[in-house]
Amino acid sequence: EQDYVDGLVNIFTKDRAAGDEFETAIRKPLSIILASPGFLYLNEPANEGQRRTLTDRELAVRLAYFLWSAPPDEQLLTLADKNQLHEPAVLRQQVNRLLADSRSDEFVSGFLHQWLDMERLDFFQFDTTLYREFDDATRTASRREVYESFAYLMRHPSEGQIGKLLNSDYVIINGLLASYYGIKGVTGDEFRRVSLPKNSTRGGLLGMAAIHAMGSDGIESSPVERGAWVLRHLLNDPPPPAPPNVPQLSRLAVQALTTREKLAAHVEEAQCASCHRKIDPIGFGLENFDPIGKWRELEHTVKGSAKRKVKTGAGHKIDPSGAFHKGPAFADYFAMRELIADREEDFAEGFTEHLIEYALGRPAGFTDQDLVNEILAAARSEDFKVSAFIQALVN
């Protein structure tokens, strides 16, 4: 390493001696650093003929980039130099330290963005004539709600059960979101835990505005997007990709149909029906949330020009009832949420697979099933606490 640094300094010194300004002379050595494999990748030589245990230095680097998205700090490097980091008690203590540090917010935002497909929140510009409340500040706060809710579970010593993401009797919100959700007594920008009354529509991912906004196109809600998202991220039962040449729902826009009627016409196509019978009932169960995640009892048809759209008519009463494919029926959103919350094991398995992908930087495959089972068993013994999944994977 010293030879590498000396070489870079020599390049810089030579160019300075030739008369280059500092800003010019630093360009070449800096470019070499930024383009070097050791900067771009985890520096773990792979020319060995067989599997081996990570060195403590390699472990420190992996751990820091996993939980901080940054290089290891002095404490990690000191433990690595003493060859103590790999010891189970030391490693567990360091994971706890890294998670408690605010720098692990980088893990929360990076992992959840990837796991929950949060980029969809920025896919659409919401029509301001229809949804003026969902401005940039609300969109930002709704994204933070998802991150802060996970961070709360990750750091809480006793309330960290991952099932709280499926249903909970509290929310992690600030004053803006409290006003948006109609929750009184919360002011200020700080996100905090707020208890909910019984049978609240909020609590868990399915009560969050960001999740429902991602299941829309900026104008109307999409039961298909919402149902597929639930299958993919909450029930660990992802539907296959849509086949090519599927007729679009937009062809039915000229008719005054409810969302259910549009999708009923859509699934008359044979190639659509097999997947939609799994997806659509879940999406219909979420239809009481409008495109920006506010609760509604009526669905309005949206008409108008590209520049100005309006909700027309008295509205159709929403029917959220349905049944899971080859599974139990539900009368409304609340009953469906309970059924989803009962599938904590499925949720935990999907979460584990995504955690493996994020931590190791590669897709999880069938060869990882033993690892998945090992992590699930360890987390189950700690009541599926979020931190238990992370500890088990690090070990």
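None of the values given here were measured: they were computed from a predicted structure.
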Undergrad: Classify the ring geometry between F134 and Y180 as parallel (under 30°), tilted (30 to 60°) or perpendicular (over 60°).
TA: tilted
Undergrad: Could you walk me through whether D383 and K385 pass the salt bridge (Lys or Arg N to Asp or Glu O under 4.0 Å) test, one step at a time?
TA: CA-CA 6 Å; D383 204 16; K385 283 170 58 179; over 6 Å; no
Undergrad: When the aromatic ring centroids of W115 and F351 are compared, is their separation below 6.0 Å?
TA: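 Here the rings of F351 and W115 have centres that are less than 6.0 Å from each other.
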Undergrad: Between R155 and D105, is the salt bridge (Lys or Arg N to Asp or Glu O under 4.0 Å) condition met? List the steps.
TA: CA-CA 11 Å; R155 295 183 178 127; D105 288 343; 2.8 Å; yes
Undergrad: If Ile, Leu, Val, Met, Phe, Trp and Tyr residues are connected whenever their side-chain heavy atoms lie under 4.5 Å apart, and connections chain through other members, are F347 and L153 in the same group?
TA: yes
Undergrad: Keeping D368 on the side-chain end and G365 on the backbone end, is there a donor-acceptor pair under 3.5 Å?
TA: yes
Undergrad: With the side chain counted from C-beta on, respond yes when L235 and I340 share a heavy-atom pair under 4.5 Å apart, and no when they do not.
TA: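 A side-chain contact exists here, since the closest heavy-atom pair is under 4.5 Å.
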Undergrad: Side-chain contact test, heavy atoms from C-beta onward, threshold under 4.5 Å: evaluate it for E145 versus R202 and give yes or no.
TA: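 When only atoms from C-beta onward are counted, R202 and E145 do not touch, as no gap falls below 4.5 Å.
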Undergrad: So do the side chains of L286 and V230 get within less than 4.5 Å of each other, counting heavy atoms only?
TA: yes
Undergrad: Apply side-chain contact (heavy atoms from CB on, under 4.5 Å) to the pair L206 and L234, showing each step before the final yes or no.
TA: CA-CA 10 Å; L206 292 180; L234 303 190; 3.9 Å; yes
Undergrad: Using a cut-off of 6.0 Å, state whether more than 12 heavy atoms not belonging to D122 lie near its atom CG.
TA: yes
Undergrad: Could you tell me whether E148 and R192 have a side-chain N and a carboxylate O separated by less than 4.0 Å?
TA: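 Salt bridge between E148 and R192, a charged N being under 4.0 Å from a carboxylate O: no.
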Undergrad: Does the D127 side chain pair with the main chain of I219, one donor and one acceptor, at a distance under 3.5 Å?
TA: no
Undergrad: Do the charged groups of E299 and K317 touch, with an N to O distance under 4.0 Å?
TA: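 No salt bridge links E299 with K317.
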Undergrad: Determine whether the aromatic ring centres of Y170 and Y152 lie less than 6.0 Å apart.
TA: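 Between Y170 and Y152, the centre distance is under 6.0 Å.
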Undergrad: Are the side chain of N174 and the backbone of L177 linked by a donor-acceptor contact shorter than 3.5 Å?
TA: yes
Undergrad: Would you say the side chain of M208 lies within less than 4.5 Å of the side chain of S142, judging by non-hydrogen atoms?
TA: no
Undergrad: Test your reading of the model: is there a side-chain donor-acceptor pair from E353 to the backbone of A364, 3.5 Å cut-off?
TA: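 No, the answer is negative, given that no donor and acceptor are paired below the 3.5 Å cut-off.
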Undergrad: Do S221 and H212 come within less than 4.5 Å of each other through their side chains, counting heavy atoms only?
TA: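 They are not in contact (no side-chain heavy atoms under 4.5 Å apart), so the answer is no.
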Undergrad: Under 4.5 Å between side-chain heavy atoms, hopping through other hydrophobics if needed: is there a path connecting L8 to F39?
TA: yes
Undergrad: Let me see the working for L165 and V386 under side-chain contact (heavy atoms from CB on, under 4.5 Å), right down to the final yes or no.
TA: CA-CA 10 Å; L165 289 175; V386 169; 5.6 Å; no
Undergrad: Closer than 3.5 angstrom, by distance alone: can the side chain of D73 be matched with the main-chain N or O of L76 as a donor-acceptor pair?
TA: yes
Undergrad: Partners of F384 by ring-ring contact (aromatic ring centres under 6.0 Å, His included), sequence neighbours excluded?
TA: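 Checked F384 against ring-ring contact (aromatic ring centres under 6.0 Å, His included); matches are F389.
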Undergrad: Backbone N or O of A209 within a donor-acceptor pair of the Y181 side chain at under 3.5 Å?
TA: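 Answer holds: yes.
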Undergrad: Aromatic rings F126 and Y131: how do their planes relate, parallel, tilted or perpendicular, breaks at 30° and 60°?
TA: perpendicular
Undergrad: Salt bridge (Lys or Arg N to Asp or Glu O under 4.0 Å) between R92 and E382: does it pass, once the steps are laid out?
TA: CA-CA 14 Å; R92 185 174 187 86; E382 296 189 50; 3.5 Å; yes
Undergrad: Just by distance, do the side chain of S200 and the backbone of P197 share a donor-acceptor pair under 3.5 Å?
TA: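 Not confirmed, S200 side chain does not pair with P197 backbone.
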Undergrad: Using a 6.0 Å cut-off, check whether atom CZ of R132 has over 12 heavy atoms from anything other than its own residue.
TA: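 Open: at most 12 neighbouring heavy atoms sit under 6.0 Å from CZ of R132.
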Undergrad: Classify the side-chain pair D101/S104 by whether it contains a donor and acceptor separated by less than 3.5 Å.
TA: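 Absent: no donor and acceptor within the cut-off.
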Undergrad: Determine whether a donor-acceptor pair (N or O, by modelled atom type, separation under 3.5 Å) exists between the side chain of Q75 and the backbone of P72.
TA: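 Between the backbone of P72 and the side chain of Q75 there is no qualifying donor-acceptor contact (under 3.5 Å).
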Undergrad: Is there a donor-acceptor pair closer than 3.5 Å between any side-chain N or O of W68 and the backbone N or O of L98?
TA: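 At least one qualifying donor-acceptor pair exists.
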Undergrad: Kindly check if the number of other-residue, nucleotide or ligand heavy atoms within 6.0 Å of NZ (K28) is above 12?
TA: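 Check fails, neighbour count at 12 or below.
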Undergrad: Check the surroundings of atom CD in E58: do more than 12 heavy atoms from other residues, nucleotides or ligands lie under 6.0 Å from it?
TA: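 Yes - once you tally the heavy atoms of other residues, nucleotides and ligands closer than 6.0 Å, there are more than 12.
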Undergrad: Just wondering, do I183 and I173 contact through their side chains at under 4.5 Å, heavy atoms?
TA: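 The answer is yes; the side chains approach within 4.5 Å.
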Undergrad: Can a salt bridge be assigned to the pair D237 and K278 using a cut-off of 4.0 Å between side-chain N and carboxylate O?
TA: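 The answer is yes: the pair qualifies as a salt bridge.
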Undergrad: Return yes if some donor-acceptor pair links the side-chain N/O of S179 with the main-chain N/O of G175 below 3.5 Å, else return no.
TA: no
Undergrad: If the plane angle is over 60° it's perpendicular, under 30° parallel, otherwise tilted; pick one for F111 and F150.
TA: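 Ring orientation, 0 to 90° scale: tilted.
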Undergrad: Taking all non-hydrogen atoms of both residues, which atom of M214 and which atom of R120 are closest, and how far apart?
TA: O-NE, 2.8 Å
Undergrad: Answer yes if the side chains of Q84 and D56 hold a donor-acceptor pair under 3.5 Å, and no otherwise.
TA: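 The criterion, which ignores hydrogens and geometry beyond distance, is not satisfied for D56 and Q84.
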Undergrad: Between the side chains of Q2 and D6, does any donor sit under 3.5 Å from an acceptor?
TA: yes
Undergrad: Kindly work out whether a path of hydrophobic side-chain contacts (I/L/V/M/F/W/Y, heavy atoms less than 4.5 Å apart) joins I162 to L339.
TA: yes
Undergrad: For residues I33 and I11: do they belong to one hydrophobic cluster (side chain heavy atoms under 4.5 Å, members Ile, Leu, Val, Met, Phe, Trp, Tyr)?
TA: yes
Undergrad: Decide yes or no for R226 and I282: does some side-chain heavy atom of the first lie under 4.5 Å from some side-chain heavy atom of the second?
TA: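 Answer no - side chains too far apart.
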Undergrad: Is it true that atom CD of E119 has more than 12 heavy atoms of other residues, nucleotides or ligands lying nearer than 6.0 Å?
TA: yes
Undergrad: Decide whether T24 and R16 meet the rule of one side-chain donor and one side-chain acceptor closer than 3.5 Å.
TA: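 No, R16 and T24 have no side-chain donor paired with an acceptor closer than 3.5 Å.
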Undergrad: Determine whether L166 and L205 make a side-chain contact, defined as any pair of heavy atoms from C-beta on separated by less than 4.5 Å.
TA: no
